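For reference, the structure is listed below as structure tokens.
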2 protein chains.
Amino acid sequence: MPSDSEPTIYKMQSEFCKTLTNPKRLEILHLLEKGEKSVTELAKLTNLRQANVSQHLAVMRHTRIIKERRFGNNVYYSLAHPKITQACNMIRTILTEQLIKDVKSTTSSWNE
Amino acid sequence: MPSDSEPTIYKMQSEFCKTLTNPKRLEILHLLEKGEKSVTELAKLTNLRQANVSQHLAVMRHTRIIKERRFGNNVYYSLAHPKITQACNMIRTILTEQLIKDVKSTTSSWNE
DNA sequence: TTAGAATATTCGAATGTTCGAATACTCTTG
DNA sequence: CAAGAGTATTCGAACATTCGAATATTCTAA
């Protein structure tokens, strides 16, 4: 139960967006679009250490953006909500369009 | 200029999502959906101090999620990309649906 | 049950974010 | 120009996030 009177939905949404705040987590999500993957596979594909991948997966498990399937020694992760991927892709599309526009006129602040 | 070889798009997207990481900024964005507003108006509507609103607006200006229109003493802010709002609303919809489902079975981690 | 592979957790240092307080800037009116 | 309204910036303390290192847990096979 939230202790302040702030609208819960914005807090929820901000918590959710924190999941999308890390480039490597976004990369993992994008990899999972193509199908479920084990932790070790993800570690190789992203060039991260296994422990770090597990940390990122834990974050995304807690916000329930991904789900797990245990089989033998492995844990296979996949996306919980295809719609969330849509939203992410929508954002990427906007950013790409914007980037293309911006390159013409201004030096943007993206690369700082 | 990024100094590492990490795909720029994920970094851009993560920078962008940082903008959506703060509940008050999300509230401001939602208010701006209904039309442009001055800083003072936003301060009143959100119960934030003027300086703090300006700080949030600066963050959103830098990621270009909002744009400004100066008129006399005032600066009126509005959304730069309606599509971004769509993405935000999509996320809110998913979260709401998820919340409704979750309430039935589990005590979620949203309210910690 | 023990070894070993796969995955998860804990801790801490470095880094980043947030908000209030103080102050600066900018524009208008007189 | 001076005063005042509206807006922006800077600084710092409190708090949150990140990643590596070390270690723990879980499962399989022998």
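Below, chain A is the first sequence line, B the second, and so on; all start at residue 1. As the structure is a prediction and not an experimental result, all values here were calculated from the model.
Hydrophobic side-chain contacts under 4.5 Å tie A/Tyr76 into a cluster, directly or through other members, with A/Phe71.
Atom NZ of B/Lys11 and atom C1' of C/dG16 are 14 Å apart (whole Å). Separating the CZ atom of B/Phe71 from the P atom of D/dT7 is a distance of 13 Å, rounded to the nearest angstrom. Here D/dT17 presents its P atom at 16 Å from CD of B/Glu15, a figure rounded to the nearest Å. Atom NE2 in B/His56 sits roughly 10 Å away from atom C1' in C/dT17 (whole-Å rounding). One atom, CZ of B/Arg49, and another, P of C/dT18, lie 17 Å apart when rounded to the nearest Å.
Checked against side chain to side chain contact (heavy atoms under 4.5 Å, CB included), A/Leu31 has the following partners two or more places apart in sequence or in another chain: A/Lys34, A/Leu42, A/Leu45, A/Thr46. Listed by chain and number, the residues in a side-chain hydrogen bond (donor to acceptor under 3.5 Å, both in side chains) with A/Lys18 are A/Glu15 (sequence neighbours excluded). Listed by chain and residue number, A/Arg61, A/Arg70, A/Val75, A/Tyr77 satisfy the side chain to side chain contact (heavy atoms under 4.5 Å, CB included) test with A/Glu68 (two or more places apart in sequence, or in another chain). Residues passing the salt bridge (Lys or Arg N to Asp or Glu O under 4.0 Å) test with A/Glu41, sequence neighbours excluded: none. Residues passing the side chain to side chain contact (heavy atoms under 4.5 Å, CB included) test with A/Thr93, sequence neighbours excluded: A/Glu97.
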**Study point:** Reading 5' to 3' through nucleotides 2-14 of chain C, protein heavy-atom contacts under 4.0 Å coded B for base, S for sugar-phosphate only, - for none
**Key:** ---BSBBBB----

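Rotation axes derived from the C1' atoms of the five outermost pairs at either end of the helix from C/dT1-D/dA30 to C/dG30-D/dC1 lie 20° apart, to the nearest 10°.
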Anything under 3.5 Å between a donor and an acceptor, one on a side chain of residues 47-54 of chain B, the other on a protein residue two or more places apart or in another chain? List them.
unit_1	atom_1	unit_2	atom_2	d
B/Gln50	NE2	B/Ser54	OG	3.1
B/Asn52	OD1	B/His56	NE2	3.4

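The backbone N or O of A/Ala58 sits less than 3.5 Å from a side-chain atom of A/His62, completing a donor-acceptor pair.
Residue order along DNA chain D, read from the 5' end via each residue's closest nucleotide, puts A/Lys18 first among A/Gly72 and A/Lys18.
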